[in-house]
Amino acid sequence: MVNPVWSFGVLLLPGFQLLDMAGTIDYFQLHSFEYMNGIGLATPDIINNAPIINWHFIAQDMNPVNTSVGPPVPPTVTFETAPKLDYLLVPGSDPFVVLPSVATKFVQKTFHDPSLKGLLTVCTGSMVLAQTGILDNHKVCSNKMVLKYASEHGLINHNVTWIGDRRWNQDGKVWSAAGVTAGLDLAAGFLENWIAEDGRKLAQDLFEYHPNPRFPDRFASILAGVDVNKK
Ligand SMILES: *[C@@H]1O[C@H](CO)[C@@H](O)[C@H](O)[C@H]1NC(C)=O
Ligand SMILES: *[C@@H]1O[C@H](CO)[C@@H](O)[C@H](O)[C@H]1NC(C)=O
């Protein structure tokens, strides 16, 4: 077995957008050993190289966390019991709610731990995390409509350089997606580094999804003429 093993955390913040999480993790999981080994359609090569993904759903306590729609999602670990992570995904939630200090500390500790290889944010997840300072001096995507609103209301965090014309971006260990469905394109772009073309093609055909490139982005027009980074 040569399969890489990934310890993958998902931060569940109150009221998070369900698809930010669900779309992104489901797209990842489709490429996993567990999935590819179970469907009877993958070649031994695809199966033997597929990552084993151990998911950890993380919250302040073990109470189920509500989402944009549907039943609350039960965490599997807390900030205190979360294992070491290779990757942390942060789906979007209300970007203007002040994070509790325990959440800020967890995010800072996890991000600065050298064992963390990547932080992935979807939609307003990046605006929420900007509060913690970990995105300072990074080039980061977020939901364009919300960036526009924040810009018009003086709510932009200027320690971060916001990108208004991409589906997603990578800057160091920060992988950020624009609004909601851009999480799928971020996942696809990330997986290009790990999964050979035949495995990605099989996953795309199963998901019936053709990932959008990082650029050009048809939603860039939302922020055309708006300089969100202007102080
Ligand atoms: C989720 O919970 C938060 C905090 O209790 C609350 O403010 C919010 O309205 C709830 N959202 C939904 C979609 O139920
Ligand atoms: C930006 O960074 C400075 C210096 O670290 C800090 O004092 C300030 O609070 C930060 N601003 C925001 C909006 O986070």
Side-chain angles (χ1 to χ4, degrees), residues 6 8-11 13 16-17 20-21 24-25 28 58 79 84-99 101 103-151 153-194 211-217 219-220 222-223 226-231:
W6 295 348
F8 217 122
V10 181
L11 181 61
L13 296 172
F16 70 89
Q17 183 90 36
D20 290 7
M21 175 188 81
T24 311
I25 65 174
F28 266 97
I58 310 165
F79 296 154
K84 278 233 184 262
L85 301 173
D86 296 305
Y87 300 104
L88 176 65
L89 170 72
V90 182
S93 61
D94 184 336
F96 306 118
V97 166
V98 176
L99 275 181
S101 68
T104 297
K105 286 198 187 102
F106 171 77
V107 163
Q108 290 169 337
K109 185 184 90 177
T110 304
F111 184 75
H112 294 301
D113 189 322
S115 68
L116 191 89
K117 301 187 191 96
L119 169 75
L120 292 83
T121 69
V122 179
C123 197
T124 55
S126 54
M127 292 178 79
V128 176
L129 289 189
Q131 296 175 28
T132 69
I134 64 168
L135 301 180
D136 285 9
N137 308 311
H138 285 79
K139 293 198 175 78
V140 174
C141 289
S142 197
N143 181 294
K144 296 180 184 71
M145 288 297 290
V146 182
L147 279 178
K148 189 171 181 217
Y149 175 91
S151 175
H153 292 81
L155 296 169
I156 293 282
N157 182 324
H158 287 294
N159 289 346
V160 180
T161 302
W162 301 98
I163 299 175
D165 63 354
R166 314 238 142 171
R167 287 296 278 170
W168 58 272
N169 190 57
Q170 182 202 356
D171 183 354
K173 60 181 183 178
V174 178
W175 297 71
S176 57
V180 192
T181 60
L184 292 170
D185 301 328
L186 174 74
F190 178 94
L191 286 161
E192 275 184 32
N193 297 285
W194 294 97
N212 297 293
R214 181 191 324 215
F215 184 86
D217 175 5
F219 296 98
I222 294 169
L223 284 168
V226 182
D227 182 359
V228 287
N229 296 308
K230 192 172 165 214
K231 291 182 193 163

Would the distance check show the side chain of D185 and the main-chain N or O of A182 forming a donor-acceptor pair, the cut-off being under 3.5 Å? no
Spell out, as yes or no, whether a donor-acceptor pair under 3.5 Å connects the side chain of K148 to the backbone of N143. no
Under the 3.5 angstrom rule, does the side chain of E192 hit a backbone N or O of W194 as a donor-acceptor pair? no
Quick check: do W168 and L120 have side-chain heavy atoms less than 4.5 Å from each other? no
Does the side chain of F190 come within less than 4.5 Å of F28's, by heavy atoms? yes
Could you walk me through whether C123 and Q17 pass the side-chain contact (heavy atoms from CB on, under 4.5 Å) test, one step at a time? CA-CA 9 Å; C123 197; Q17 183 90 36; 5.7 Å; no
Can you find a heavy atom in the side chain of F111 that is under 4.5 Å from one in the side chain of V174? yes
How close do L85 and T110 get, counting heavy atoms only, and between which atoms? CD1-CG2, 3.9 Å
Rounded to the nearest 0.5 Å, how far does CG of D86 lie from CG of D113? 10.0 Å
Can you tell if the side chain of P91 reaches within under 4.5 Å of the side chain of T24, non-hydrogen atoms only? no
Are any of the side-chain heavy atoms of N157 and M127 separated by less than 4.5 Å? no
Quick one: does any side-chain atom of Q108 pair with a main-chain N or O of T132 as donor and acceptor, under 3.5 Å? yes
Go through the steps for L119 and L129 under the test side-chain contact (heavy atoms from CB on, under 4.5 Å), then give the verdict. CA-CA 10 Å; L119 169 75; L129 289 189; 3.7 Å; yes
Check this for me: K173, atom NZ, are more than 12 non-hydrogen atoms of other residues, nucleotides or ligands nearer than 6.0 Å? yes
With the side chain counted from C-beta on, respond yes when V90 and V128 share a heavy-atom pair under 4.5 Å apart, and no when they do not. no
Can you find a pair of side-chain heavy atoms, one from N212 and one from D217, that are under 4.5 Å apart? no
Hey, what do you get for CG (D171) to OG1 (T161), rounding to the nearest 0.5 Å? 8.5 Å
Do the side chains of M145 and F219 get nearer than 4.5 Å, heavy atoms only? no
Sidechain-backbone polar pair: Q131 side chain, L99 backbone, donor-acceptor under 3.5 Å: yes
Are the side chain of D20 and the backbone of G125 linked by a donor-acceptor contact shorter than 3.5 Å? no
Within the side chain of S176, is there an N or O that forms a donor-acceptor pair under 3.5 Å with the backbone of T121? no
For the atom pair CD1 (I134) and OG (S126), what is the distance rounded to the nearest 0.5 Å? 10.5 Å
Value for CD1 (I163) from SG (C141), rounded to nearest 0.5 Å, stands at 4.5 Å
For T124 and S93, indicate whether the former's side chain and the latter's backbone hold a donor-acceptor pair under 3.5 Å. yes
Under the side-chain contact (heavy atoms from CB on, under 4.5 Å) rule, what do I58 and F79 come out as? Steps first, then yes or no, please. CA-CA 6 Å; I58 310 165; F79 296 154; 3.7 Å; yes
As an exercise, state the distance from CG of D165 to CG of L223, rounded to the nearest 0.5 Å. 9.0 Å
Between the NZ atom in K144 and the CZ atom in R166, the distance rounded to the nearest 0.5 Å is 10.0 Å
Quick one: do I25 and F8 satisfy side-chain contact (heavy atoms from CB on, under 4.5 Å)? Show the steps, please. CA-CA 10 Å; I25 65 174; F8 217 122; 5.8 Å; no
